[in-house]
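Below, chain A is the first sequence line, B the second, and so on; all start at residue 1.
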2 protein chains.
Amino acid sequence: MNIGEASKASGVSAKMIRYYEEIRLIRPKARSDNNYRIYGEDEVHGLRFIKRERSLGFSLEETERLLALWQDKERESGAVKQVALSHIADLERRIAEMSAMVKTLKHLAHCCGGDKRPDCPILEDLAGQGDAADEDCKPRRR
Amino acid sequence: MNIGEASKASGVSAKMIRYYEEIRLIRPKARSDNNYRIYGEDEVHGLRFIKRERSLGFSLEETERLLALWQDKERESGAVKQVALSHIADLERRIAEMSAMVKTLKHLAHCCGGDKRPDCPILEDLAGQGDAADEDCKPRRR
DNA sequence: CTTGACCTTCCCATGATGGGAAGGCCCATG
DNA sequence: CATGGGCCTTCCCATCATGGGAAGGTCAAG
C-alpha cells in the first residue's frame, strides 16, 4: 500500500503520516525499490488509532503513550485509565475557563445596546472601567 | 516609561509588547536618545485593554478590531457587539466539542477496570473495536 | 571603573497542520 | 516510443501566541 492509499484507508493525510513517522509514532513496513513508503493493514490500523485519539483531544505526546500501551499486551489497564482521567481533567479545566469567558461576555453583550450609538459596556469593561461583577446593566443616556 | 516599567504597569511581558508593536497593535510614544522605547499612560492603558481581551479568549485579530473600535469615538456599539457575539458562538462551539470528548472519555474510563489486568475498553474503543454508543459496560472476564 | 540590571535586534522553538517547489517514478493514451 | 498526468520523494515555509537566549549597547550604583 502506498502512502496515498494508506491515507485514504485511514483518513489521515499523507502529510501527517510522514510527520508521524518523523516524530516516531509509526513507521512504514518497508520502502519499495523506488523509495516509496509501503504500509500494511497493521499500520493503517495504527493510523486509525491515532486519528481516534486526536479526535478525542489527546495530544501527540499522550497519543504516543497510549499507542505504546495499546501495543503492549502486558499493559495494566490502570495505566491507560490514568492517562484518560488526566486528559479528562485537562479538558474540564479548559471547558471551565471558556465557560467563564462566555459568561462574562454574555453579560457584557446583554448590556450593550448594539445599536448605532457609541456607548458600549463591552469596550468599557475591556478598558478596565467596567464593573463585570455587577449583575445589572448601567443605565444608558438617551 | 521604559518597556520594563510599561510591562510591570500593564502586566504584559516586554517580549509581547515588542511583538504587538511588530504586528502594529500598539506603538511606543517615542524612542529615547539611546533608542529605548518610551511609553506613556495611554500606551499602558492600551496594553491593559489588550490583556483583558486576550484573557477573554479573543484572538489577536479580533483584538485588533476591538482596539480600533475602542479608539474610534464614533463607533457604533452594534459593531462591537457583533464581534463579541461571534466570539461567544466560537467559544460555545469549542466547549461543545470538548464536552462531547469528555462525555465519551468518561464513559470509557468508567468501563475500564483501571487495575493490573490488560483488558481495557478505552484502548478497544481507540482501536475502533469498541462500541461507544453502548450505555453499558461490556462484561469482563474474571 | 566594575558590576549588574536594564535595553536593543535577531534567531530559534513550541504543536499540529497545510502549502508548495523541485525532482523522480509509473502508467495509460496517442 | 513519447508525452502527460498523477503519484511519490525531500525540503522549506507559514500559521498563532509566546518564550528562550545570544550578542552587544547603556546606565546607575557601589
Side-chain angles (χ1 to χ4, degrees), chain A residues 1-39 43-44 46-67 87 90-91 94 97-98 101, chain B residues 1-39 43-44 46-67 87 90-91 94 97-98 101:
Chain A
M1 219 185 320
N2 272 342
I3 198 171
E5 295 162 324
S7 170
K8 257 175 220 154
S10 64
V12 177
S13 77
K15 275 280 197 200
M16 277 302 101
I17 296 178
R18 292 194 196 95
Y19 176 64
Y20 293 159
E21 178 179 348
E22 194 187 326
I23 63 172
R24 291 147 195 272
L25 273 191
I26 40 86
R27 263 162 308 156
K29 196 165 48 183
R31 291 279 187 145
S32 69
D33 287 349
N34 47 21
N35 202 31
Y36 286 11
R37 289 166 177 85
I38 301 177
Y39 300 92
E43 286 76 26
V44 170
L47 287 170
R48 277 200 282 255
F49 185 95
I50 294 171
K51 196 186 176 201
R52 176 83 175 122
E53 284 183 76
R54 301 283 308 123
S55 81
L56 286 173
F58 287 102
S59 71
L60 284 184
E61 205 181 333
E62 290 165 320
T63 293
E64 192 178 1
R65 279 209 295 280
L66 289 173
L67 203 52
H87 181 50
D90 193 45
L91 286 172
R94 280 147 63 192
E97 270 177 28
M98 292 200 285
M101 294 177 193
Chain B
M1 220 186 317
N2 272 344
I3 198 171
E5 294 161 326
S7 170
K8 258 174 221 156
S10 65
V12 177
S13 76
K15 275 283 198 199
M16 277 302 102
I17 296 177
R18 293 195 196 95
Y19 176 64
Y20 293 158
E21 178 179 348
E22 194 188 326
I23 64 173
R24 291 144 197 273
L25 273 191
I26 39 85
R27 264 162 310 156
K29 197 166 50 185
R31 291 278 186 146
S32 68
D33 287 348
N34 47 21
N35 202 31
Y36 287 11
R37 289 167 177 85
I38 301 176
Y39 300 92
E43 287 76 26
V44 170
L47 287 169
R48 276 199 283 255
F49 185 95
I50 294 172
K51 196 187 175 200
R52 176 86 176 120
E53 283 182 75
R54 301 283 307 122
S55 82
L56 286 173
F58 287 102
S59 71
L60 283 184
E61 204 180 336
E62 288 166 321
T63 293
E64 193 179 359
R65 279 209 296 281
L66 289 173
L67 202 54
H87 180 52
D90 193 46
L91 285 172
R94 280 149 62 193
E97 271 176 28
M98 291 200 285
M101 294 177 193

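Looking at the side chain of A:Tyr20, the nearest of the listed nucleotides D:dA17, C:dT17, D:dT9 is C:dT17. Side-chain proximity of B:Ser13 to D:dT18, C:dT8, D:dG19: nearest is D:dG19. Each of D:dT10, D:dT18, C:dT8 was ranked by its minimum atom distance to the side chain of A:Arg37; first place goes to D:dT10. Nearest nucleotide to the side chain of B:Ser59, out of D:dA17, C:dT17, C:dT9: D:dA17. For B:Asn35, the side-chain atoms get nearest to C:dT8 when compared with the rest of C:dT8, C:dG18, D:dT10. Taking every side-chain heavy atom of A:Asn34 into account, C:dC25 is the closest of D:dT10, C:dT9, C:dC25. Side-chain proximity of A:Lys15 to C:dG18, C:dT17, D:dT18: nearest is C:dG18.
Computed from coordinates, the B:Tyr19 OH to D:dA17 P distance equals 6 Å when rounded to whole Å. For the pair A:Glu22 CD and D:dC12 P, the computed distance is 11 Å after rounding to whole Å. D:dT18 atom P lies 9 Å from atom CD1 of B:Ile23, rounded to whole Å. To the nearest angstrom, P of C:dC6 lies 16 Å from CE of B:Met1. In this structure, OH of B:Tyr39 is placed 14 Å from C1' of C:dC6, rounded to the nearest angstrom. Atom CD of B:Glu21 and atom P of C:dC7 are 14 Å apart (whole Å). In this structure, B:Tyr36 atom OH and D:dG24 atom P are separated by 16 Å, rounded to whole Å. In this structure, the CG atom of B:Asn2 is 10 Å from the P atom of D:dA28, given to the nearest Å.
The side-chain contact (heavy atoms from CB on, under 4.5 Å) test with B:Phe58 singles out one residue from B:Asp90, B:Leu67, B:Leu91, B:Thr63, and that residue is B:Thr63. Of the listed residues (A:Arg52, A:Arg54, A:Glu53), just one forms a side-chain contact (heavy atoms from CB on, under 4.5 Å) with A:Leu56, and that residue is A:Arg52.
A close approach under 4.0 Å does not occur between any side-chain nitrogen or oxygen of B:Arg31 and OP1 or OP2 of C:dC7.
The OG atom of A:Ser59 sits 7.0 Å away from atom CZ of A:Arg65, with the distance rounded to the nearest 0.5 Å.
Taking for each of B:Leu60 and B:Asp33 the nucleotide of DNA chain D with the nearest heavy atom, the 5'-most of the two is the partner of B:Leu60.
Looking at heavy-atom distances under 4.0 Å, B:Arg18 makes contact with a base.
Within a 6.0 Å sphere centred on CZ of B:Arg24, other residues, nucleotides and ligands contribute 12 heavy atoms or fewer. Counting non-hydrogen atoms of neighbouring residues, nucleotides and ligands closer than 6.0 angstrom, the CZ atom of B:Arg94 exceeds 12 such neighbours.
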